[in-house]
Amino acid sequence: QVRLVESGGGSVQAGGSLRLSCAASGVTLDYYAIGWLRQAPGKKREGVACISSSDGSTYYIDSVKGRFTISRDKTKKMVYLQMNSLNIEDAAEYYCAATIDTDCPPATFHNEDEYDYWGQGTQVTVSS
């Protein structure tokens, strides 16, 4: 059974940083691309980053490029999202999710429908 558990959320002032972690169990990361998605109140859940298993290729939505970095440690079954220069618009519940494909879908990685397994989420709050 695939299980994903996020951690690392919290409250931070605008301009600050957080690192989110996703611990995977019941699955080897060799066979799954992993994404980080977020959902703010009243908004649709959107993918912000994805990392492919096959070659480590990474994908980001425009609003986080240059600020967020997704990475993985296959031996530890961990995926991370380093978030720098956080702003108010980044505040949301963040989820890690796995897709049963070794590669992120480049054109649709931001679409929640691409993902098959989900964690429970971790809250990120950004204050001005």
Side-chain angles (χ1 to χ4, degrees):
Q1 182 178 357
V2 176
R3 186 164 183 252
L4 302 170
V5 179
E6 303 93 335
S7 61
S11 296
V12 64
Q13 286 192 321
S17 299
L18 283 173
R19 188 175 86 150
L20 305 183
S21 299
C22 175
S25 60
V27 62
T28 171
L29 293 183
D30 288 344
Y31 304 114
Y32 296 83
I34 303 293
W36 281 98
L37 299 91
R38 66 186 180 187
Q39 187 169 24
K43 294 189 177 181
K44 187 179 179 181
R45 187 155 51 185
E46 65 171 353
V48 298
C50 186
I51 185 165
S52 293
S53 173
S54 59
D55 60 2
S57 295
T58 56
Y59 302 86
Y60 301 92
I61 57 173
D62 287 345
S63 62
V64 307
K65 281 180 181 177
R67 301 188 299 120
F68 289 13
T69 303
I70 188 171
S71 62
R72 65 183 179 181
D73 184 331
K74 281 188 175 181
T75 59
K76 295 182 179 179
K77 293 187 178 183
M78 297 291 294
V79 178
Y80 306 99
L81 185 69
Q82 177 67 42
M83 305 187 296
N84 299 327
S85 301
L86 285 161
N87 56 53
I88 301 295
E89 291 71 32
D90 296 316
E93 187 83 7
Y94 281 73
Y95 302 86
C96 71
T99 176
I100 47 175
D101 195 324
T102 55
D103 295 319
C104 301
T108 57
F109 73 91
H110 57 280
N111 188 334
E112 63 175 326
D113 295 335
E114 292 290 350
Y115 300 90
D116 304 287
Y117 303 100
W118 294 82
Q120 83 290 347
T122 186
Q123 183 68 42
V124 171
T125 303
V126 184
S127 59
S128 58

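Being a predicted model, the structure only gives us computed values, none of them experimental. What's counted below: heavy atoms across the whole structure, side chains too, no hydrogens, waters or symmetry copies.
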Using side-chain heavy atoms (C-beta onward) and a distance below 4.5 Å, is [X] in contact with [Y]?
| X | Y | value |
| --- | --- | --- |
| Tyr59 | Ser52 | yes |
| Leu20 | Met83 | yes |
| Tyr115 | Phe109 | yes |
| Leu81 | Val48 | yes |
| Cys96 | Leu4 | yes |

Residue Ile100 excluded, over 12 heavy atoms near CD1 under 6.0 Å: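 Incorrect, the count does not exceed 12.
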So for atom NZ, which belongs to Lys76, do other residues, nucleotides or ligands contribute more than 12 heavy atoms lying within a distance under 6.0 Å?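 For Lys76, atom NZ is not crowded (no more than 12 foreign heavy atoms under 6.0 Å).
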What residues, two or more places apart in sequence or in another chain, satisfy side-chain hydrogen bond (donor to acceptor under 3.5 Å, both in side chains) together with Asp55?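 For Asp55, the residues satisfying side-chain hydrogen bond (donor to acceptor under 3.5 Å, both in side chains) (neighbours in sequence not counted) are Ser57.
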Just to verify, what does Glu114 make a side-chain hydrogen bond (donor to acceptor under 3.5 Å, both in side chains) with, not counting sequence neighbours?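 Applying side-chain hydrogen bond (donor to acceptor under 3.5 Å, both in side chains) to Glu114 gives Thr108.
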Under a single-linkage definition using a 4.5 Å side-chain heavy-atom cutoff for Ile, Leu, Val, Met, Phe, Trp and Tyr, are [X] and [Y] assigned to the same hydrophobic cluster?
| X | Y | answer |
| --- | --- | --- |
| Ile61 | Val126 | yes |
| Tyr80 | Leu37 | no |
| Val5 | Ile51 | no |
| Val124 | Ile70 | yes |

Donor on one side chain, acceptor on other, Ser17 and Asn84, under 3.5 Å: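 Result is yes, a qualifying pair exists.
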Hey, what do you get for [atom1] ([X]) to [atom2] ([Y]), rounding to the nearest 0.5 Å?
| X | Y | atom1 | atom2 | answer |
| --- | --- | --- | --- | --- |
| His110 | Ser63 | NE2 | OG | 11.5 Å |
| Glu93 | Gln120 | CD | CD | 8.0 Å |
| Lys74 | Thr28 | NZ | OG1 | 7.0 Å |
| Thr125 | Gln13 | OG1 | CD | 12.5 Å |
| Asp101 | Ser54 | CG | OG | 8.5 Å |
| Ser53 | Arg72 | OG | CZ | 5.0 Å |

Determine the interplanar angle of the Tyr117 and Tyr32 rings, folded into 0 to 90°, and report it as parallel if under 30°, tilted if 30 to 60°, perpendicular if over 60°.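 Answer is perpendicular, since the angle exceeds 60°.
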Return the orientation label for the Tyr95 and Trp118 ring planes: parallel under 30°, perpendicular over 60°, tilted otherwise.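 Plane angle over 60°, so perpendicular.
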Which atom names give the shortest non-hydrogen contact between Leu29 and Asp73, and what distance separates them?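 In this case the closest contact between Leu29 and Asp73 is CD1-O, 4.3 Å.
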Shortest non-hydrogen separation from Ala92 to Ala40 and the atoms involved: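 Closest heavy-atom pair between Ala92 and Ala40: CB-N, 3.8 Å.
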Any side-chain to backbone donor/acceptor pair from Gln82 onto Arg19? Under 3.5 Å, distance only.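 Not a single qualifying donor-acceptor pair exists.
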So which pairs with a foot in residues 80-91 pass salt bridge (Lys or Arg N to Asp or Glu O under 4.0 Å), sequence neighbours left out?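 Pairs touching residues 80-91 that pass the test: Arg38-Asp90, Arg67-Asp90.
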